[in-house]
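These notes concern the structure reproduced below.
Just so you know, ligand 1 is whichever comes first in the structure, and atom 1 is the first atom listed for that ligand. Every heavy atom of this structure was used, including side-chain atoms; hydrogens, water molecules and symmetry mates were not. For the single chain, residues carry numbers from 1 onward in sequence order.
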Amino acid sequence: MTWVESAAGSRYGVDNLPYGVYSTEDNAVPRVGVRIGDEILDLRRIVEMGTCADCPTCSALRAPVLNPFMALGRQVWSTVRAQVQGLLTNEDLAHQVRPLLTPVAAATMHMPFLVGDYVDFYSSEHHAVNLGRLFRPDSEPLFPNWKHLPVGYHGRGGTVVPSGTPVTRPKGQRKAPDGTVQFGPSARLDIEAEVGFVVGVPSRLGTPVSVDDFREHVFGVVLVNDWSARDIQAWEYVPLGPFLGKSFTTSISHWVTPLDALDDAEITAPEQDPEVLPYLSEKDRYGYDLRMSVKWNGTEVSRPPFADMYWTPAQQLAHMTVNGASVRTGDLYASGTVSGPQPHQRGSFIELTWGGKEPIALGDGETRTFLEDGDIIELNATAMGVNGELIALGEVTGTIYAAD
Ligand SMILES: O=C(O)/C=C/C(=O)CC(=O)CC(=O)O
Ligand SMILES: [Ca+2]
Ligand SMILES: [Mg+2]
């Protein structure tokens with residue numbers, strides 16, 4: 001039990017402890033903090049108050065981003081987590097540590113890490129089948145490769161932004177129903193509810209990461225909203241895949257949940273048929289039981305279940321590096337849109353409204369198909385924590401602004 005009162009019932013107890021980067025009015029330097037309840041513990045101050053001059057861990061925790069800390073590896077991550085848990089549970093230390101807490105409401109949150117490369121997968125079978133039906137109604141919904149490899153594409157790391165950053169409606173080319181090619185603001189702006197995995201320990205160029213080494217490389221998890229302009233996408237994607245329809249903005253949560261906090265959320269991942277090639281075959285095949293929620297202007301419109309994903313994050317990392325490509329600290333790879341088998345579990349509006357044909361009621365008599373200017377989207381998720389209580393993953397919000 002922690003002595004931090006705001007932690008009680010907050011889903012941010014000592015079994016959670018996500019990392020973020022924040023600044024305050026009286027100290028504008030962005031610094032690494034850990035969330036506990038409604039407060040943030042200043043890890044930089046803790047390090048500065050200690051006697052250690054310059055060990056790698058203390059240097060890393062003085063940085064304005066998580067990258068140096070994430071590069072240090074699992075043993076350091078676990079040690080620091082245990083030390084922070086010690087500080088927050090030992091009543092005798094409360095008087096010393098309490099002054100290093102800042103209310104979340106008084107903090108400005110920044111990008112938690114510098115994003116390197118960004119990859120987006122396509123690993124929900126329900127989502128892939130739905131999109132196949134919507135984009136390619138005259139073909140088989142799944143291409144023949146889909147069950148042999150985790151399909152993905154390289155996105156744009158430089159446009160990954162923290163939760164709360166305004167999302168400006170993109171402009172682009174699209175094909176009008178009368179067959180003419182037009183240019184203008186997207187009229188089919190959509191979301192994709194996803195889970196992102198953040199690489200801590202890099203790999204070497206030429207050396208694939210084994211499917212069994214996922215936990216040695218991946219530091220933690222963020223929630224992701226992969227905003228998608230469906231009209232731009234539908235016209236541009238043939239034959240090379242998503243490009244400007246998705247590269248304008250991708251939002252992530254302020255908080256990175258360490259994998260250690262998700263040990264009890266592990267579940268056996270769905271069985272795969274046909275059998276996968278040896279480099280994708282897992283000794284211990286697990287996914288994460290993360291329960292997501294999508295709110296549109298405050299109304300919950302979907303509850304996507306991450307437990308259902310066909311390809312696991314370990315398989316995605318193994319696949320991403322099997323050709324010898326390396327990963328770097330800060331690389332982000334997203335799961336792909338999370339959709340479950342039920343209609344209310346779909347992680348995008350193109351699926352929820354079936355291509356815009358079935359509007360969603362938002363309350364107050366409002367209905368929607370795609371996003372309108374001023375709309376606010378909030379993604380949340382919970383998971384079972386190691387103490388048998390639910391923990392929260394940090395939310396991702398975004399408000400749509402009119403095209404410039
Ligand atoms: O099937 C298609 O052509 C397109 C699919 C997507 O837009 C999905 C995508 O970006 C990957 C994902 O999030 O699952
Ligand atoms: Ca996506
Ligand atoms: Mg994107």
Side-chain angles (χ1 to χ4, degrees), residues 115 117-147 149-157 159-161 167 170 172 174-175 186 188-197 221-253 287 290 292 294 302 304-306 308-313 315-316 319-320 332-341 345-356 370-371 377 379 381 396 398:
V115 178
D117 290 309
Y118 167 50
V119 162
D120 190 20
F121 284 96
Y122 187 43
S123 290
S124 155
E125 183 172 359
H126 308 291
H127 173 72
V129 166
N130 287 338
L131 276 251
R133 291 202 173 118
L134 288 161
F135 275 122
R136 298 169 288 276
D138 302 325
S139 323
E140 277 297 307
L142 289 187
F143 282 106
N145 61 358
W146 199 90
K147 291 203 166 175
L149 54 84
V151 170
Y153 67 93
H154 281 93
R156 195 165 188 85
T159 55
V160 178
V161 300
V167 178
R174 69 269 170 122
K175 196 172 171 194
S186 171
R188 286 162 78 86
L189 186 57
D190 196 354
I191 67 152
E192 291 188 330
E194 308 197 20
V195 175
F197 292 84
V221 170
V222 289
L223 292 183
V224 177
N225 188 344
D226 179 25
W227 307 94
S228 299
R230 299 301 180 189
D231 39 4
I232 297 172
Q233 178 186 355
W235 170 234
E236 75 175 356
Y237 87 98
V238 185
L240 291 184
F243 191 37
L244 304 181
K246 286 168 179 285
S247 65
F248 53 97
T249 306
T250 303
S251 302
I252 64 167
S253 50
L290 312 179
M292 304 172 72
V294 180
S302 178
F306 190 69
D308 250 44
M309 300 298 277
Y310 191 83
W311 295 101
T312 67
Q315 290 178 311
Q316 292 170 334
H319 184 64
M320 210 158 81
L332 170 68
Y333 65 98
S335 58
T337 311
V338 181
S339 290
Q345 296 178 322
R346 294 167 176 168
S348 69
F349 300 151
I350 192 172
E351 293 168 89
L352 282 167
T353 67
W354 208 252
F370 291 98
L371 287 159
I377 298 300
L379 310 184
V396 193

Give the numbers and elements of all ligand 1 atoms closer than 4.0 Å to a heavy atom of [X].
{"X": "R230", "answer": "7 (O)"}
{"X": "F121", "answer": "11 (C), 12 (C), 13 (O), 14 (O)"}
{"X": "E194", "answer": "13 (O)"}
{"X": "G336", "answer": "12 (C), 13 (O), 14 (O)"}
{"X": "L131", "answer": "1 (O), 4 (C), 5 (C), 6 (C), 7 (O)"}
{"X": "D120", "answer": "10 (O), 11 (C), 13 (O)"}
{"X": "H127", "answer": "8 (C), 12 (C), 14 (O)"}
{"X": "R136", "answer": "1 (O), 2 (C), 3 (O)"}

Give yes if a backbone or side-chain nitrogen or oxygen of Y237 is under 3.5 Å from a nitrogen or oxygen of ligand 1, and no if not.
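No; the residue has no nitrogen or oxygen that sits under 3.5 Å from a nitrogen or oxygen of the ligand.
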[atom]: which protein heavy atom is closest, and how many Å away?
{"atom": "atom 1 (O) of ligand 1", "value": "Y122 OH, 2.5 Å"}
{"atom": "atom 6 (C) of ligand 1", "value": "Q233 NE2, 3.5 Å"}
{"atom": "atom 14 (O) of ligand 1", "value": "T337 N, 2.9 Å"}
{"atom": "atom 10 (O) of ligand 1", "value": "K246 NZ, 2.7 Å"}

Here the pair of heavy atoms bringing S123 nearest to Q316 is OG-NE2, 2.9 Å
Which atom of W227 lies closest to which atom of G398, heavy atoms considered
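Scanning both residues, the minimum pair turns out to be CZ2-CA, 3.8 Å.
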Where the Ca ion (ligand 2) is the centre, what is the OD2-to-OD2 angle for D226 and D120, rounded to 10°?
80°
Please check: side-chain N/O of [X] versus main-chain N/O of [Y], any donor-acceptor pairing under 3.5 Å?
{"X": "W146", "Y": "P141", "result": "no"}
{"X": "D231", "Y": "R174", "result": "no"}
{"X": "S251", "Y": "T249", "result": "no"}
{"X": "S124", "Y": "S339", "result": "yes"}
{"X": "Q233", "Y": "S228", "result": "no"}

Given the rule in the side chain to side chain contact (heavy atoms under 4.5 Å, CB included) test, do L189 and F248 qualify, once you have shown the distances and angles that lead to the verdict?
CA-CA 11 Å; L189 186 57; F248 53 97; 3.7 Å; yes
What N, O or S atom of E194 is found closest to the Ca ion (ligand 2)?
OE2
Among the N, O or S atoms of E192, the one nearest the Ca ion (ligand 2):
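Looking only at N, O and S atoms of E192, the one nearest the Ca ion (ligand 2) is named OE1.
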Angle between ring planes, Y333 versus F121, binned at 30° and 60°: parallel, tilted or perpendicular?
perpendicular
Taking salt bridge (Lys or Arg N to Asp or Glu O under 4.0 Å) as the criterion, tell me which of K246, R230, R346 meets it with D190.
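Going through the options one by one, the only one that passes is R230.
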